[in-house]
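In what follows, a single structure is set out as C-alpha cells and then discussed.
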Amino acid sequence: MPSTITITFPDGSSRDHPCGVTARELAAGISPSLAKKAISAHVNGVHWDLGWPIEGDAGITINTMADEHAALELIRHDLAHVMARAVQELWPETRVTIGPVIENGWYYDFDRAESFTPDDLAIIEKRMRKIINAADPVRSEIWSRGKAIAFYRERGENYKVELVEAIPDGEAIRMYWHGRWQDLCRGPHLQNTGQLPGDSFRLQSIAGAFWRGDPDRPMLQRIYGIGFRRRNDLKQHLKMLEEAQKRDHRRLGKSMDLFHFQEEAPGMPFWHPDGWTIYSELRSYMARKQKANGYREVNTPLVVDRTLWEQSGHWDKFHEHMYLVNVDEKISSEGRISALKPMNCPCHVQIFNARQTSYRELPMRIAEFGSCTRYEPSGALHGLLRVRGFVQDDAHIFCEESQIEAETARFIALLSEVYADLGFTSFKVKFSDRPDIRAGDDTVWDKAEEALEAATNAAGCSYELNPGEGAFYGPKLEFVLTDAIGRDWQCGTLQVDFVMPARLGALYVGQDGVRHHPVILHRAILGSFERFIGILIENYSGSLPLWLAPKQAVVATIVSTADTYAETVLARLRDAGIRAEGDMRNEKINYKVRMHSLAKVPYILAVGEKEVENGTVSLRTLGSKTIDVLPVDAAVSRLAARARPPDTA
RNA sequence: GCCGAUGUAGCUCAGGCGGUAGAGCGGGUCAUUCGUAAUGACCAGGUCGGGGGUUCGAAUCCCUCCAUCGGCACCA
C-alpha cells in the first residue's frame with residue numbers, strides 16, 4: 001500500500017494525501033462549513049461514507065443535501081436504521097432483520113411476537129424524531145465473520161447471524177452504529193442522525209412478509225416508510241397518492257357503474273352494461289387488428305379432460321389452481337375428471353393437430369379470445385387486475401425456427417401499435433429466462449433463450465432482465481404497464497416454446513418431406529381484457545377516449561318544451577352510431593351538466609328554446625368550458641367522425 | 001395461502017363503555033321550466049358481512065367462517 005495517494009477533485013485540482021485519508025477529512029480541509037454540510041462522497045464513482053478510509057488514488061466529489069440522488073438514498077437508508085433503533089428501544093424483545101431503501105422510502109422487517117398496530121406507527125415516528133434531535137454520530141467498522149457472528153449470537157439476533165453467514169468470502173462485513181445502536185450494513189450512511197430531516201418522513205403501513213421471501217420461514221412484520229429531503233416533497237407525494245387513489249379502477253368501476261364483485265364469486269367480475277360496452281368495443285378492435293395482421297380466430301372448449309392437462313404438464317405444476325368439473329354420479333358413469341381451462345395453448349395445439357400441416361402454411365397464427373378460469377390464491381385477488389375468471393387475447397403462432405425472428409418483430413410492432421392506440425406510448429419490457437422448475441432440457445432452453453434474445457434485439461426492443469421468471473415451458477418477454485399507484489402488471493407477453501409441441505405431438509411436414517415439431521410462440525397483447533381495462537380506466541382516470549366511452553353523449557333539455565326536439569336529436573345521434581342518451585328530467589341545466597360531467601360523459605348537447613327555434617344544439621366537451629352552438633347535422637357528423645376507433649379512423 | 005386491518009342504507013361515511021340505528025349523496029313523489037358543475041319540500045330504503053356463543057337483552061363483548069383492503073408468497 002502506498003503511503004501517499006493522489007486525490008483529484010471535480011474542478012481538476014489534485015493533491016497528495018496520506019493513504020487512508022477519509023472524505024470527512026478532505027471536506028474539512030476545504031472548509032468547516034462543507035465538513036458540516038457533507039453527507040457522503042463519491043470516490044471513483046462509488047457512493048462512499050465520509051468515514052471510510054480511501055486507500056488509493058481517487059477522483060472524489062463531496063455530496064451535500066443538494067445532491068438529490070445521494071441525499072435521498074442516505075435519508076431513506078438512515079431512516080430505516082433510525083426506525084429499527086426506535087422500535088428496539090420501544091420494544092427491546094424485537095429482533096431486527098433487513099431494511100432496504102425502496103422507491104420513495106424504505107421498509108424494515110422485524111420479528112416480534114406481538115403485532116404492531118397502526119397506533120404504534122405514531123409512537124415510533126415520535127421516537128425517531130427524538131433520535132434525530134439527539135444528532136447521534138454514525139460510525140462503521142469492518143469486522144471478521146467470527147467476531148460478527150459471536151456478537152449477534154450473544155444478543156440473540158439470529159437473523160443477523162444468518163445474514164453474516166451468507167456474506168460471501170472476500171466481501172467486507174461492515175458494522176454500523178447510529179449512536180449506541182448497532183446494525184450490519186453495507187453503508188454508506190450520514191455523518192450523524194441530526195442530518196436527517198425530521199419533518200419529511202412518514203411511516204405508512206404495516207404488512208406481513210416472509211423471512212427471505214420464503215413461505216416456509218417465519219412471517220415477519222414489515223413497516224413501510226416514505227422519506228424526502230423537504231417537508232414539501234413529502235406533502236406533494238402524499239397529495240399525489242391521494243390523487244392516484246381517486247383513479248383506482250375499483251373505485252371508478254363502482255362510481256361509473258361498470259362492474260362489481262360479490263362474495264358468491266370472488267375474483268369473477270359481474271360486468272354491467274356500461275362496463276361491457278368498453279369490453280365489447282375493445283374486443284372488436286382487437287379482433288380487427290389481429291385479423292388484419294394475419295391471425296385466424298378460433299374457439300375452443302371451456303371444459304377439457306384432465307388427461308390433456310397432464311400431457312401438457314400443466315396438471316403437474318398447476319392442478320391446485322385449476323377448477324375441477326364433474327357431474328352427478330347418478331347421471332354420469334364415466335367418472336372422468338375435467339377442468340375448466342386455465343389457458344388455451346393445449347386446445348390450440350389440438351386444432352393444429354387436427355389435420356396435416358405443410359411448412360408452406362407456416363407461420364400459422366391461431367387466435368382466441370379465450371375464457372380462462374384459475375383458482376388464484378385468495379390473497380392475490382385485486383379488482384380487475386388479478387381475477388379468477390378472465391378472457392385472454394391469446395394467440396399461438398406455429399412456425400419454423402427460422403421464422404422466430406420475423407414473427408417476434410411483427411408481434412412487437414403490432415403490440416406497440418395497439419398500446420399506442422390505447423394511450424400507452426411507453427411501457428416496460430422484461431426478459432424472463434429459465435425458472436428453477438421447468439420442462440425441457442438445457443439444450444432446448446439454450447436454444448429458446450438465444451432465439452428470443454436475438455429476435456428481441458433484432459426488433460430493436462430494449463428490455464430489463466428478470467432472471468428465473470420464465471414460463472415452465474419457455475422464456476418470455478413481458479410487456480408491463482403500471483397502475484395508478486405505481487404497481488407493475490404484466491399485460492402483453494411473448495413466449496418461445498420448444499417444449500409443448502413435442503409434449504402434445506404437434507408436427508408439420510417440412511420442405512424435406514420429413515415431419516418436424518414446429519416452434520410455438522405464445523403471445524398476448526392485452527393479456528386479459530379484465531386486467532387491461534382496469535389499467536386503462538386508471539390511465540385515463542375514467543375519461544376514456546370517445547370510441548371506448550360507454551356513454552358518448554347526453555342530450556339534455558333546458559326546458560320541457562324542448563323534449564320532442566331532444567328526442568329527434570337523440571335519434572339522429574343514435575342513427576349515426578353514437579352511444580347517446582337523453583336527459584329530459586325536470587332538473588336545471590346546471591344540475592345536468594354537473595352530473596354528466598362527473599360521470600365523465602364526453603359530450604353534452606344542451607337544447608332549449610333557442611335550439612328548437614334554430615335547429616341547433618349547444619355542444620359542450622368534457623373538460624372544456626367553451627360551448628359550440630352548431631346545427632344538428634354538423635354536431636352529429638362531428639361526433640361520428642371523432643368516435644371512430646383508431647384503426648378505422 | 002400467510003401477516004395485519006376493515007365490513008353499518010344503492011354510494012361515501014358517522015355512531016355504538018350492551019337497552020333493536022343516523023347524515024350527505026343517490027332513488028321516489030310533488031312543486032318549480034330554469035341557459036352550462038348541485039332548486040326546494042316531503043317520502044321510501046338497513047335482520048349493522050354470515051353462523052355460533054355469553055347475556056334478561058348483542059350492531060356493540062367472545063369464537064368462527066366469508067369477503068374486501070395493504071403487503072408477502074404465487075401468477076401457465
Within the side chain of A/Arg365, is there an N or O that forms a donor-acceptor pair under 3.5 Å with the backbone of A/Ile397?
-> no

Indicate syn or anti for B/G35, taking the glycosidic torsion and treating anything within 90° of 0 as syn.
-> anti

Name the closest nucleotide to the A/Arg222 side chain, picking from B/G71, B/A37, B/C34.
-> B/G71

Cation-pi, A/Phe210 ring and A/Arg217 (6.0 angstrom, 45 degrees) = no

Starting from C1' on B/A67, measure out to NE2 on A/His260 and report it in whole angstrom.
-> 13 Å

Under a 4.5 Å cut-off applied to non-hydrogen side-chain atoms, are A/Asp316 and A/Phe472 in contact?
-> no

Atom pairs under 3.5 Å: protein N/O with N/O of nucleotides 23-30 of chain B:
{"residue": "B/G26", "atom": "OP1", "partner": "A/Tyr591", "partner atom": "OH", "Å": "3.1"}

Can you tell me if the side-chain N/O atoms of A/Lys476 get under 4.0 Å from OP1 or OP2 in B/A76?
-> yes

A/Tyr540: side-chain hydrogen bond (donor to acceptor under 3.5 Å, both in side chains) partners, not counting sequence neighbours | none

Between B/G51 and B/A41, how far apart are the C1' atoms? Round to whole Å, please.
-> 44 Å

Starting at atom NZ of A/Lys592, determine the distance to atom P of B/A37, rounded to an integer number of angstrom.
-> 14 Å

Who passes side-chain hydrogen bond (donor to acceptor under 3.5 Å, both in side chains) against A/Arg434, sequence neighbours left out?
-> A/Asp446, A/Glu449

B/C65 and B/G7: how far apart are their C1' atoms, nearest whole angstrom?
-> 14 Å

For B/G40 and B/G26, measure between their P atoms and round to the nearest Å.
-> 10 Å

Considering only heavy atoms, which members of residues 312-324 of chain A lie under 4.0 Å from some atom of RNA chain B?
-> A/His314, A/Lys317, A/Phe318, A/His321

N/O (side chain, A/Arg250) to phosphate O (OP1/OP2, B/C69) under 4.0 Å = yes

pair A/His321-A/Pro377: side-chain heavy atoms closer than 4.5 Å | yes

Over all atoms of both residues, closest heavy-atom pair of A/His396 and A/Cys345 = NE2-CB, 3.0 Å

A/Ile558 CD1 - B/G35 P separation (whole Å) | 8 Å

Atom P, compared across B/A76 and B/C63: separation rounded to whole Å = 39 Å

Distance-only donor-acceptor test, A/Arg386 side-chain atoms vs B/C75 base atoms, 3.5 Å | yes

Do A/Val429 and A/Glu464 have side chains that get closer than 4.5 Å, going by heavy atoms?
-> no

Do the ring planes of A/Phe479 and A/Tyr419 sit parallel (below 30°), tilted (30 to 60°) or perpendicular (above 60°)?
-> perpendicular

Taking the six-membered ring for Trp and the full ring for Phe, Tyr or His, determine whether the centres of A/Tyr295 and A/Phe411 are under 6.0 Å apart.
-> no

What pairs of nitrogen or oxygen atoms, one from the protein and one from nucleotides 43-50 of chain B, lie under 3.5 Å apart?
none

Counting side-chain heavy atoms from CB outward, which of B/C34, B/U68, B/G71 is closest to A/Leu381?
-> B/U68

Looking only at B/U68, B/A37, B/G70, the nucleotide nearest the A/His382 side chain is B/G70

Main-chain N/O of A/Pro346 paired with A/Gln350 side-chain donor or acceptor, under 3.5 Å = yes

Counterpart residues, side-chain hydrogen bond (donor to acceptor under 3.5 Å, both in side chains), relative to A/Asp393 (two or more places apart) = none

Regarding the side chain of A/Ile485, the nearest nucleotide among B/G71, B/U36, B/A37 is B/G71

If we take the C1' atom in both B/C25 and B/A37, what is their distance in whole Å?
-> 15 Å

Reckon A/Phe261 touches a base, only the sugar-phosphate, or nothing at all at heavy-atom distances under 4.0 Å?
-> nothing

If you look at every strand shown and take non-hydrogen atoms under 4.0 Å, does A/Gly213 touch a base, only sugar-phosphate, or nothing?
-> sugar-phosphate

When you compare B/C66 with B/G52, how far apart are their C1' atoms, in angstrom units rounded to a whole number?
-> 14 Å

Name all residues meeting the side-chain hydrogen bond (donor to acceptor under 3.5 Å, both in side chains) criterion together with A/Gln204; count only those two or more places apart in sequence or in a different chain, and write none if there are none.
-> none

Working to the nearest 0.5 Å, report the span between CZ of A/Arg251 and NZ of A/Lys246.
-> 7.0 Å

Atom CD of A/Glu587 to atom P of B/U36: distance rounded to whole Å?
-> 16 Å

Side chains of A/Trp315 and A/Thr307 in contact at under 4.5 Å (non-hydrogen atoms) | no

Parsed dot-bracket for RNA chain B after applying the Watson-Crick and G-U rules with both distances under 3.5 Å and | for other-strand partners is (((((((..((((.....[..)))).(((((.......))))).....(((((..]....))))))))))))....

In whole Å, what separates the C1' atom of B/U47 from that of B/A59?
-> 11 Å

Grab the N/O contacts between the protein and nucleotides 8-15 of chain B below 3.5 Å, and write none if there aren't any.
{"residue": "B/U12", "atom": "OP1", "partner": "A/Lys254", "partner atom": "NZ", "Å": "3.3"}

Quick one: is the NZ or CZ of A/Arg388 closer than 6.0 Å to the six-membered ring centre of A/Phe390, and within 45° of its axis?
-> no

To the nearest angstrom, how far is A/Tyr107 atom OH from B/G70 atom P?
-> 19 Å

Side chains of A/Tyr159 and A/Pro218: does their closest heavy-atom pair fall under 4.5 Å?
-> yes

Could I get a table of every N or O pair under 3.5 Å where one atom is in the protein and the other is in nucleotides 1-6 of chain B?
{"residue": "B/G1", "atom": "OP2", "partner": "A/Ser378", "partner atom": "OG", "Å": "2.5"}
{"residue": "B/G1", "atom": "N7", "partner": "A/Gly379", "partner atom": "N", "Å": "3.1"}
{"residue": "B/C3", "atom": "O2", "partner": "A/Gly208", "partner atom": "N", "Å": "3.1"}
{"residue": "B/G4", "atom": "OP1", "partner": "A/Ser115", "partner atom": "OG", "Å": "3.3"}

Below 3.5 Å, can you tabulate the donor-acceptor pairs from side chains in residues 603-614 of chain A to any protein atom, sequence neighbours excluded?
{"residue": "A/Tyr603", "atom": "OH", "partner": "A/Arg642", "partner atom": "NH1", "Å": "2.9"}
{"residue": "A/Glu611", "atom": "OE1", "partner": "A/Gly608", "partner atom": "N", "Å": "2.8"}
{"residue": "A/Glu611", "atom": "OE2", "partner": "A/Ser618", "partner atom": "OG", "Å": "2.7"}
{"residue": "A/Asn614", "atom": "ND2", "partner": "A/Lys610", "partner atom": "O", "Å": "3.2"}

C1' gap between B/G4 and B/C17, integer Å | 25 Å

Pick base, sugar-phosphate or nothing for A/Glu609, based on heavy-atom distances below 4.0 Å to the nucleic acid.
-> base

side-chain hydrogen bond (donor to acceptor under 3.5 Å, both in side chains) contacts in which one or both residues fall within residues 555-569 of chain A, not counting sequence neighbours | A/Thr557-A/Lys592

Whole angstrom is fine here: how far is it from NE2 in A/His249 over to P in B/U68?
-> 12 Å

Inter-residue atom distance A/His272.NE2 - A/Ile278.CD1, 0.5 Å rounding = 12.0 Å

Quick one: is A/Arg487 getting a side-chain N or O under 4.0 Å of the B/G71 phosphate, OP1 or OP2?
-> yes

